[in-house]
Amino acid sequence: MSWQRKHGRQHLPWQGTQNPYRIWLSEIMLQQTQVATVIGYYQRFLERFPDIQALAQASQDEVMPYWAGLGYYARARNLHRCAQAICQDWGGKFPSCSQDIATLPGIGRSTAAAIAAFCFRERSPIMDGNVKRVFTRYFGIEGVTSERSTEQRLWHTAEAVLDAAPHNLDMTAYTQGLMDLGSQCCTRSRPACTSCPVQNTCYAHMHGRQHELPTPKKKKASPERQCRMLIARHADHILLEQQASPGIWGGLWSLPKYDSDEDLQTACYRWGSREASAQKMAGMIHVFTHFRLHIEPWYVINNTPQLAEPDPAQRWVAIDDLRNAALPAPVRKILEGLFPASFAPVDNG
DNA sequence: AAGTCGTGGGC
DNA sequence: TGCCCAAGACT
């Protein structure tokens with residue numbers, strides 16, 4: 001606790017508040033996502049949806065643009081569902097114990113404990129990547145941390161530590177301190193043990209095993225996938241297609257994509273001018289957690305006077321509105337390369 | 001238990 | 001460059 005107050009992080013946008021809405025939003029955004037990446041998204045989201053009622057009253061399509069680019073879009077869909085559940089089933093007030101919080105969509109045990117600790121001072125342990133690293137090293141806990149037996153030992157250890165802690169424990173400083181320790185001292189590579197407040201009693205430090213803990217997980221080869229994306233332009237509009245959920249980019253608006261050249265051909269004929277041929281653009285590889293996607297963008301311009309009726313999940317979007325659309329990161333990159341002026345920050349000078 | 005689900009930073 | 005992994009949850 002004292003180390004956290006002196007050396008830990010104090011001024012992150014979600015610190016210094018016990019507002020459950022703000023804490024909850026930060027915890028969801030921070031799942032598998034680095035702090036520096038989250039900050040901008042967090043502030044933009046709060047400006048647009050200042051409280052849980054504003055979020056619950058919005059449609060999912062209004063929410064997704066504020067999550068686009070952050071990844072793991074089920075988080076945004078669950079966030080929206082959760083806001084509605086709290087407004088309908090909990091009178092618009094966040095439940096105040098972690099067991100109740102963990103029943104809400106998108107909130108597991110660790111996130112529930114974090115919310116309960118920061119907002120309601122509940123003495124429940126969290127178990128995120130930082131804490132796993134600190135605990136496996138400090139207590140010498142072997143085994144891949146994602147395996148259930150290891151995970152159970154970690155939770156039991158975290159509970160035992162809290163049980164043995166003094167009753168005046170400051171749960172905010174304690175919880176934040178464990179994460180700060182993990183992110184500032186007990187880092188994955190080259191941990192800064194000399195500045196660690198508990199180095200003298202740390203198993204890994206005493207045995208020189210920092211680099212062996214946590215036990216590395218053996219990786220699996222990620223398969224290669226490929227697709228063609230169609231950039232169909234009609235005057236100042238581009239055809240976008242909403243992605244199904246669950247699924248990759250579920251809820252986002254992507255370019256229509258095709259698995260085969262034949263399907264692409266058919267689409268070009270339908271969405272482009274009959275006589276104009278599509279133009280192949282520079283390809284790119286987008287890396288996901290569990291596969292690599294080779295994207296082949298094709299550009300076709302429709303010169304016919306009539307705007308073709310899009311399919312149910314499709315929309316013609318004005319090029320100047322693309323910046324506000326819920327685009328997947330690589331799709332944004334492609335369209336930004338094609339229409340840089342439409343994505344450029346507003347110049348007020 | 002193993003897959004699914006994004007994107008970007010750090011080394 | 002390739003690889004690991006981040007304030008994980010859900011199926």
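Chain letters run A, B, ... following the sequence lines, proteins first, then strands; residues in each count from 1.
No contact: A/K132 has no heavy atom under 4.0 Å from any strand. Nucleic acid contact for A/P105: sugar-phosphate only, since backbone atoms but no base atoms lie under 4.0 Å from a heavy atom of the residue. If you check every strand for non-hydrogen atoms under 4.0 Å, A/V35 touches a base. A/T33 comes within contact range of at least one nucleobase, with a heavy-atom separation under 4.0 Å. Backbone-only contact: A/G247 has heavy atoms under 4.0 Å from sugar-phosphate atoms and none from a base. Using a 4.0 Å heavy-atom criterion, one finds that A/A329 contacts the sugar-phosphate atoms exclusively. Counting any heavy atom pair closer than 4.0 Å across all strands shown, A/V287 reaches a base atom. Residue contacts shown for A/K220 are limited to sugar-phosphate atoms, with no base heavy atom under 4.0 Å away. Within the 4.0 angstrom heavy-atom criterion, only backbone atoms of the sugar-phosphate kind lie near A/K219; the bases stay farther away. A/R190 comes within 4.0 angstrom of nothing in the nucleic acid, heavy atoms only. Across all strands, A/P216 comes closer than 4.0 Å to no nucleic acid atom at all (heavy-atom distances). Residue contacts shown for A/T289 include a base, since a base heavy atom lies under 4.0 Å away.
Relative orientation of the A/F49 and A/F45 rings is tilted, given thresholds of 30° and 60° on the angle between their planes. Note: A/F339 and A/Y299 have perpendicular aromatic rings, judged against thresholds of 30 and 60 degrees for the angle between ring planes.
A/R123 contributes a side-chain N or O that, together with a main-chain N or O of A/L162, makes up a donor-acceptor pair within less than 3.5 Å.
The side chain of A/H290 lies closest to B/dC5 when the candidates are B/dA1, C/dG8, B/dC5. Closest to the side chain of A/Q34, from the set B/dG6, B/dT7, B/dG8, is B/dG8. When distances are taken from the side chain of A/H286 to each of B/dG9, C/dA7, B/dG6, the shortest belongs to B/dG6. Side-chain atoms of A/Q176 lie closest to C/dA7 of the nucleotides B/dT7, C/dA7, C/dA9.
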Could you go step by step and tell me if A/Y203 and A/T136 meet the side chain to side chain donor-acceptor pair (under 3.5 Å) rule?
CA-CA 9 Å; A/Y203 169 89; A/T136 53; over 6 Å; no
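Contact check, A/Q32 against C/dG8: a side-chain N or O comes under 4.0 Å of OP1 or OP2. Listed pair A/R332 / B/dT7 fails the phosphate criterion, with no side-chain N or O lying under 4.0 Å from OP1 or OP2. Between C/dC5 and A/R188, no contact under 4.0 Å exists linking OP1 or OP2 to a side-chain N or O. For A/S189, no side-chain nitrogen or oxygen approaches OP1 or OP2 of C/dC4 to under 4.0 Å.
Using a 4.0 Å cut-off between charged side-chain N and carboxylate O, A/K132 and A/E151 make a salt bridge. With respect to the salt-bridge test (charged N to carboxylate O, under 4.0 angstrom), the residues A/R270 and A/D311 qualify.
With rounding to whole Å, A/H211 atom NE2 is found 16 Å from C/dC4 atom C1'. In this structure, CG of A/L70 is placed 13 Å from P of C/dG8, rounded to the nearest angstrom. Atom CG in A/L25 sits roughly 13 Å away from atom C1' in C/dA7 (whole-Å rounding). When rounded to the nearest whole Å, the span between NZ of A/K217 and C1' of C/dG8 equals 13 Å. Whole-Å rounding puts the A/R148 CZ to C/dG8 C1' distance at 17 Å. For the pair A/Y72 OH and B/dG8 P, the computed distance is 13 Å after rounding to whole Å. Nucleotide B/dT7 holds its P atom 6 Å from the CZ atom of A/F288, rounded to whole Å. Straight-line distance from the CZ atom of A/F291 to the C1' atom of B/dC5: 9 Å, rounded to whole Å.
In this structure, A/M64 CE and A/L327 CG are separated by 11.5 Å, a value rounded to the nearest 0.5 Å. For the atom pair CH2 of A/W3 and SG of A/C185, the computed distance is 4.5 Å after rounding to the nearest 0.5 Å.
A distance of about 14 Å separates the P atoms of B/dC11 and C/dA7, rounded to the whole Å. One P atom belongs to C/dC4, the other to B/dG3, and the distance between them is 16 Å to the nearest Å.
Ranked by how close their nearest DNA chain C nucleotide is to the 5' end, A/G108 and A/K218 are led by A/K218. Checking A/P328 against A/E147, the closest nucleotide of DNA chain B that is more toward the 5' end is the one next to A/E147. Across the interface with DNA chain B, nearest-nucleotide mapping of A/K333 and A/P246 shows A/P246 to be the residue nearer the 5′ end. Nearer to the 5' terminus of DNA chain C, by closest-nucleotide assignment, is the contact made by A/R75 (compared with the other of A/R81 and A/R75).
Residues satisfying the side-chain hydrogen bond (donor to acceptor under 3.5 Å, both in side chains) test with A/R292, not counting sequence neighbours, are A/E224.
For the side-chain contact (heavy atoms from CB on, under 4.5 Å) test with A/P297, the passing option among A/L335, A/L338, A/I334 is A/I334; the others fail.
For DNA chain B, none of the residues of residues 4-19 of chain A falls under the heavy-atom distance limit of 4.0 Å.
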